[in-house]
Student: 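Before anything else, here's the structure in question.
Below, each value reflects all heavy atoms present in this structure, side chains not excepted, and no hydrogens, waters or symmetry copies. Bear in mind that the values here come from a model prediction, so they are computed numbers and not experimental data.
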Amino acid sequence: MSATVSFKVTSPQGPHTVTLSYARVGRGAPLLLLHGIGHHRQAWDPVVDILATEREVFAVDLPGFGASPALPDGLTHDLPTMNAALGGLCEALELDRPHVAGNSLGGLLALELGRSRLVRSVTALSPAGFWTPAERRYAFTVLSGMRGIAERMPPRLVEKLARSAAGRAVLTSTIYARPGRRAPEAVVAETRALVEAIGFARTLRAGGSVRFTEDVPGIPVTVAWGSRDRLLIPRQGVRAKRIIPRARLVRLPGCGHVPMNDDPALVARVILDGSR
């Protein structure tokens, strides 16, 4: 079920109303799913049905992505504000410390929610924030380039490319190790989502100085990394393990930066095991 919810987030300038779009499915312990920059909640579609057999799943469009509007003027797309917005979302939906799983930017946000004790477990898939300055610059350059190409590409060309496995590789091989497995209509939709992501520039700008450097004590944490991640290289997972020593570090063989599509069964199992 797709819906929107609005709630207040405080700031030095006073309270602001934030609206987020989300999809809700399944039964069981609540599980929040957070996507990466430039993507939308449909990134989780390959695993949602599996997760929903054991969890009540809330897949969220982050502010300025998918169907969610950007944060209002006066709120920046930085970690503290995003943390407050997601905390407000949980309060509005009456979710008392849900489990959370996130990918890339969503993984970083999931870890931040865990550090703030707003969730009961964290599963972070290739989370941002464990990079060196050079690795961050590389990732941001690739992301900006992907968006620039998508903006210049006529919709008819995108649709034509998406019809073949080779064309889907042209469009998505940076984030998927097995782009041919992604459905043509999904590739078209996520290319459009990247172009229309009004929060992209503000979020990227706010992430320029971000590094995750603190432990996440007191809750179960799983960090999983695709062995074929071309955007945030797998050695960043080793750094994450050093910073969060009690975390479970999982290798995802043959998976890229967005592993949900590359191996749905494996990724769903990692999330379910990490959210017991």
Student: Please check this pair: side chain of Arg181 against backbone of Asp263, looking for a donor-acceptor N/O pair closer than 3.5 Å.
Tutor: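 Flag not set: sc Arg181 to bb Asp263 has no pair under 3.5 Å.
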Student: Say whether Ile149 and Leu143 are linked into one hydrophobic cluster, either directly or through other cluster members, by side-chain heavy-atom distances under 4.5 angstrom.
Tutor: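 Per the 4.5 Å side-chain linkage, Ile149 and Leu143 are not co-clustered.
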Student: Taking Thr141 for the side chain and Arg137 for the main chain, is one N or O donor matched with an acceptor at less than 3.5 Å?
Tutor: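 Yes; at least one donor-acceptor contact below 3.5 Å.
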Student: Using every non-hydrogen atom in the two residues, find where Ala70 and His77 come nearest and quote the distance to one decimal.
Tutor: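 What the structure gives for the nearest pair is CB-NE2, 4.1 Å.
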Student: Of all heavy-atom pairs between Ser116 and Asn83, which one has the smallest distance, and what is that distance?
Tutor: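 Looks like OG-ND2, 2.9 Å.
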Student: Does Pro63 reach the side chain of Leu20, with side-chain heavy atoms less than 4.5 Å apart?
Tutor: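 Sidechains of Leu20 and Pro63: in contact.
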Student: Please tell me if the side chains of His40 and Phe65 come closer than 4.5 Å, counting only heavy atoms from C-beta onward.
Tutor: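 Counting from C-beta outward, His40 and Phe65 never come under 4.5 Å.
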Student: Taking Trp225 for its side chain and Val238 for its backbone only, find out whether a donor-acceptor pair lies under 3.5 Å.
Tutor: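 Checked: no pair found.
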Student: Would a 4.5 Å heavy-atom cut-off, applied to side chains only, mark Thr17 and Pro72 as touching?
Tutor: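 Side chain of Thr17 against side chain of Pro72, heavy atoms only: no contact under 4.5 Å found.
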Student: Check this for me, if you would: do Arg115 and Glu112 make a salt bridge, where the nitrogen-to-carboxylate-oxygen distance has to be below 4.0 angstrom?
Tutor: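 Looking at Glu112 together with Arg115, the answer is yes, because their closest N to O distance falls below 4.0 Å.
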Student: Let me confirm one number: the OG1-CG distance from Thr203 to Leu62, rounded to the nearest 0.5 Å.
Tutor: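 Answer for the OG1-CG pair, Thr203 versus Leu62, is 8.0 Å.
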Student: Has the side chain of Arg168 got a donor or acceptor atom that lies under 3.5 Å from a matching backbone atom of Val187?
Tutor: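 Pair absent, no side-chain N/O of Arg168 close to backbone of Val187.
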Student: Would you say Val158 ends up clustered with Met146 if hydrophobic residues are merged whenever their side chains have heavy atoms under 4.5 Å apart, either directly or through other cluster members?
Tutor: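 As far as the 4.5 Å side-chain criterion goes, Val158 and Met146 are not connected within one cluster.
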Student: To the nearest 0.5 Å, what is the distance between CG (Leu33) and OG1 (Thr123)?
Tutor: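 One finds 9.5 Å between CG of Leu33 and OG1 of Thr123.
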Student: Nearest 0.5 angstrom please: Leu125 CG to Ile271 CD1, how far?
Tutor: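 One finds 5.0 Å between CG of Leu125 and CD1 of Ile271.
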Student: With a 4.5 Å limit on heavy-atom distance, are the side chains of Leu93 and Tyr22 in contact?
Tutor: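 With C-beta onward as the side chain, the pair touches.
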Student: Evaluate the criterion side chain to side chain contact (heavy atoms under 4.5 Å, CB included) for residue pair Leu71 and Met82; output intermediate values, then yes/no.
Tutor: CA-CA 9 Å; Leu71 293 173; Met82 296 288 276; 4.3 Å; yes
Student: Report yes if some heavy atom in the side chain of Met153 is under 4.5 Å from a heavy atom in the side chain of Thr191; otherwise report no.
Tutor: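 Met153 vs Thr191: side chains apart.
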Student: Is the backbone of Phe130 close enough, under 3.5 Å, to the side chain of Arg239 for a donor and an acceptor to pair up by distance?
Tutor: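 Here the side-chain-to-backbone pair exists.
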Student: State, to 0.1 Å, how close Pro264 and Pro46 come at their nearest heavy-atom pair, and which atoms those are.
Tutor: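 Scanning both residues completely, I find the closest heavy atoms to be CB-O, 3.4 Å.
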Student: With a 3.5 Å distance limit and no angle check, can you tell me whether Arg248 reaches the backbone of Val223 through a side-chain donor-acceptor pair?
Tutor: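 No.
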Student: For Gly226 and Ser126, which heavy atoms make the closest approach, and how far apart are they?
Tutor: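 Shortest heavy-atom separation between Gly226 and Ser126 comes out as N-OG, 3.9 Å.
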Student: Pairing donors with acceptors under 3.5 angstrom, does anything connect the side chains of Arg55 and Ser275?
Tutor: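 Yes.
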Student: Would a 4.5 Å heavy-atom cut-off, applied to side chains only, mark Leu32 and Cys90 as touching?
Tutor: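 Of all side-chain heavy-atom pairs linking Cys90 with Leu32, at least one is under 4.5 Å.
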Student: Just checking, is any N or O donor in the side chain of Thr174 or Arg230 under 3.5 Å from an acceptor N or O on the other one?
Tutor: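 Short answer, no.
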Student: Is it possible for you to say whether Phe7 and Val119 belong to one hydrophobic cluster, with membership spreading through side-chain heavy-atom contacts below 4.5 Å?
Tutor: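 The answer is yes; both residues are in one hydrophobic cluster.
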Student: In plain terms, say whether Glu91 and Lys8 are close enough for a salt bridge, that is, a side-chain N and a carboxylate O under 4.0 Å apart.
Tutor: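 So Glu91 does not pair with Lys8 through a salt bridge.
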Student: If you draw a 6.0 Å radius around CZ in Arg27, do more than 12 non-hydrogen atoms from other residues or ligands fall strictly inside?
Tutor: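 Count not over threshold, so no.
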Student: Could you pull out the closest heavy-atom pair between Tyr176 and Val258, with the gap in Å?
Tutor: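 Taking Tyr176 first and Val258 second, the nearest heavy atoms are CD2-O, 3.4 Å.
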Student: Between Pro253 and Leu266, what is the shortest heavy-atom contact and its length?
Tutor: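 Heavy-atom minimum between the residues: CD-CD2, 3.9 Å.
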Student: How long is the span from the CH2 atom in Trp44 to the CG atom in Asp49, to the nearest 0.5 Å?
Tutor: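 That separation rounds to 14.5 Å.
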Student: Could you walk me through whether Thr172 and Glu190 pass the side chain to side chain contact (heavy atoms under 4.5 Å, CB included) check?
Tutor: CA-CA 9 Å; Thr172 65; Glu190 61 196 18; 3.7 Å; yes
Student: Indicate yes or no for a side-chain donor-acceptor contact from Trp131 to the backbone of Val210 under 3.5 Å, with no hydrogens or angles considered.
Tutor: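 Side chain of Trp131 to backbone of Val210, a donor-acceptor pair under 3.5 Å: yes, one is there.
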Student: So does Pro259 get a backbone contact from the side chain of Arg178, meaning a donor-acceptor N/O pair under 3.5 Å?
Tutor: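 Side chain of Arg178 to backbone of Pro259, a donor-acceptor pair under 3.5 Å: no, none is there.
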Student: Are the side chains of Arg97 and Ile219 in contact, using a 4.5 Å heavy-atom criterion?
Tutor: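 Side-chain contact under 4.5 Å: yes.
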Student: Treat each ILVMFWY residue as a node, draw an edge where side-chain heavy atoms are under 4.5 Å apart, and state whether Leu105 and Val195 are in one component.
Tutor: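 Leu105 does not cluster with Val195.
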Student: What about Val60 and Leu75, same hydrophobic cluster or not, with Ile/Leu/Val/Met/Phe/Trp/Tyr joined at side-chain heavy-atom distances under 4.5 Å?
Tutor: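 Looking at the clustering, Leu75 is in the same group as Val60.
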Student: Could you give the distance from CG (Leu161) to CZ (Arg163), rounded to the nearest 0.5 Å?
Tutor: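 Between atom CG of Leu161 and atom CZ of Arg163 there are 9.0 Å.
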Student: Please confirm whether Arg136 makes a cation-pi placement over Phe140, using NZ or CZ under 6.0 Å from the six-membered ring centre and within 45° of the ring normal.
Tutor: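 Output yes; distance and angle both within limits.
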Student: Examine distances only and state if a side-chain atom of Thr4 and a backbone atom of Ser21 form a donor-acceptor pair shorter than 3.5 Å.
Tutor: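 It does not hold such a pair.
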Student: Apply side chain to side chain contact (heavy atoms under 4.5 Å, CB included) to the pair Asp273 and Thr222, showing each step before the final yes or no.
Tutor: CA-CA 9 Å; Asp273 286 348; Thr222 300; over 6 Å; no
Student: Quick one: are Glu185 and Val188 in side-chain contact, heavy atoms under 4.5 Å?
Tutor: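 No, their side chains stay 4.5 Å or more apart.
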Student: Begin with the C-alpha distance, continue with both residues' side-chain angles, and end with the deciding distance and a verdict on side chain to side chain contact (heavy atoms under 4.5 Å, CB included) for Leu86 and Val100.
Tutor: CA-CA 11 Å; Leu86 292 170; Val100 62; over 6 Å; no
Student: Within the side chain of Arg41, is there an N or O that forms a donor-acceptor pair under 3.5 Å with the backbone of His35?
Tutor: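 Between the backbone of His35 and the side chain of Arg41 there is no qualifying donor-acceptor contact (under 3.5 Å).
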Student: Within this structure, what is the CD1-NE2 distance for the pair Ile233 and His257, rounded to the nearest 0.5 Å?
Tutor: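 NE2 of His257 is found 12.5 Å from CD1 of Ile233.
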